[in-house]
Number of protein chains: 2
Amino acid sequence: MKSAAKAQQAEDSAETGAQQIRDAIREAIVERRLSPGTKLSESDVGNLFNVSRTLARAALQALSYEGLVSVEKNRGAFVAYPSPEEARQIFSARRLVEPGILREAAARITPDDIAHLRQLLLEEGRLMSERGQTARRAEIKASGDFHLTLALISGNSIMQRFMEELVARSSLVIALYGQSTASSCGHSEHGDIISAIEANELDRACQLMLHHIAHIEADLDLRERKSLGLKEAFEL
Amino acid sequence: MKSAAKAQQAEDSAETGAQQIRDAIREAIVERRLSPGTKLSESDVGNLFNVSRTLARAALQALSYEGLVSVEKNRGAFVAYPSPEEARQIFSARRLVEPGILREAAARITPDDIAHLRQLLLEEGRLMSERGQTARRAEIKASGDFHLTLALISGNSIMQRFMEELVARSSLVIALYGQSTASSCGHSEHGDIISAIEANELDRACQLMLHHIAHIEADLDLRERKSLGLKEAFEL
DNA sequence: GATGGCAATATTGTATACGATTTTCTGCAC
DNA sequence: GTGCAGAAAATCGTATACAATATTGCCATC
């Protein structure tokens, strides 16, 4: 075995149409090409991907289970527009689980895994220095990949899936409430965490992780804004 | 505010058909009326609930996202048959998140919440002394409700949903690999945890929770068995 | 009698059709 | 011009229909 990250489940390959659409939309949401609140009508989605409403609907349903889109009965699906309260819960959940994931990952980590993580870091750094939308989007993805890779290394596919959801939803939150232009969570902090793991200073690594998450959250301005409609603005 | 457990999201009421079916099947799985491996064909489910395959399919898809049923491409849906490895991961995840949830819950808990927990405990104890299938099923549910209520009290709806998944899947695991006739996880341990919370001995409460989970897991015989088909029995 | 392939059957994958609900537009009364 | 009622349009909720795939049974063949 070369790497603890080998766990990749085989999948039956040939995803069933709906899954492809789901993945495509999810990627668009995470990379912030789709803004929170954007309407995703079943017909439009179906036409866009040249499939029937049946599949479009299935994809949207799936995304709603992940909290990335919200479907309102008889009204349609929208890219999720997390409330400040939801945002707090998302980061609260991350503070709760990421140290634990880190500990498990550290227990199983191999030199190959560390090399992989450093590779990701390098890529992330490269993207940070570039300009342009596409670089920014790739950077967002790379930044999340660090956290996801740790979950992968931990070898627990359940926690891995959960982290995927949390990272994706975090992207939405940052899109809505992020202040600093530098959308990246502190890049250097990722490196520090790896170093701490490598030095086998587990407690310190966890502390760094907590600080890192706090750092991301501190960059948010969690106040109601960008009223999705006048409705929500006045009914609460 | 009377209780931190008030958070219950309002829901748009009138669940959309598919959700009702999903809930009904989930309950049947959690209460172990449906055994792991049982085939859930779309037509059968549809006929059973007097709806079209469309809704049956949607319900089954939803359950697959929760890990309670596994759908195999072009073959159908089956009540999930968690592997020993999956079982380990489920309990690993619980060990990882439940102490954290407990801590958050303890920080927000009100006297009303404690009363509610003790109420659950009482009910659980009553069911334990009863005989019969229905009592056993109610006991299973009550035992899980303790953990779910803690998540509810924590006020984090994301962790709450995650715990719902973990508890439900745990029920499947216990159904498959549980040894002791007493399907309940140590009932008294629940009481001890509440007491520790009440006494504000948070670290001890977490320790008790970890022991509690370990105790449940220790009652499992995690070896391959009851071959779902000949395939799985020989291909690994 | 065992084996391989073909037909029949059953089940899922996807598309289309129709009814229900919501939203939007229009026109009339005030 | 404002406001409300009703019609028209758009969109979702569900059912049905058809195509694709997998499973099963049968028969010819070796």
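Note on naming: letters A, B, ... go to the chains in the order of the sequence lines (proteins, then strands), and numbering restarts at 1 for each one. No hydrogens, no waters, no symmetry mates; every other heavy atom, side chains included, goes into these values.
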Nearest atoms (heavy-atom pairs only) where A/Ile90 meets A/Arg169: CD1-CB, 3.6 Å
Atom-pair distance (CD1 on B/Ile21; P on D/dG13), nearest Å: 14 Å
Nearest-angstrom distance from the residue atom CZ of A/Phe78 to C1' of D/dC12: 11 Å
Atom-to-atom span, CD of B/Glu42 to P of D/dA17 - whole angstrom: 17 Å
5′-ward residue of the pair A/Thr54/A/Leu40 relative to DNA chain D: A/Leu40
Value in whole Å for how far the C1' atom of C/dA15 lies from CG of A/Asn47: 13 Å
Ion pair check, B/Arg136 and B/Glu139, cut-off under 4.0 Å: yes
Candidate nucleotides C/dT12, C/dT22, D/dT11, ranked by approach to the side chain of A/Asn74 - the nearest: C/dT22
Ion pair check, A/Glu165 and A/Arg161, cut-off under 4.0 Å: no
Shortest non-hydrogen contact from A/Ala56 toward A/Val45: CB-CG1, 3.8 Å
B/Ala77 vs A/Arg53, nearer the 5' end of DNA chain C by closest nucleotide: B/Ala77
A/Arg75 side-chain N/O to C/dT23 phosphate OP1/OP2 under 4.0 Å: yes
Sugar-phosphate, base or nothing in reach of B/Val51, heavy atoms under 4.0 Å: sugar-phosphate
Presence of salt bridge, A/Glu217 and A/Arg95, under 4.0 angstrom: yes
Separation of atom CD in B/Gln19 from atom P in D/dC12, rounded to whole Å: 16 Å
B/Lys39 NZ - D/dT23 C1' separation (whole Å): 9 Å
Integer-rounded Å distance: D/dT23 P and B/Glu72 CD: 9 Å
Phosphate-side-chain proximity, A/Arg57 and D/dG13, N/O vs OP1/OP2 below 4.0 Å: yes
Atom-to-atom span, CG of B/Leu55 to P of D/dC12 - whole angstrom: 16 Å
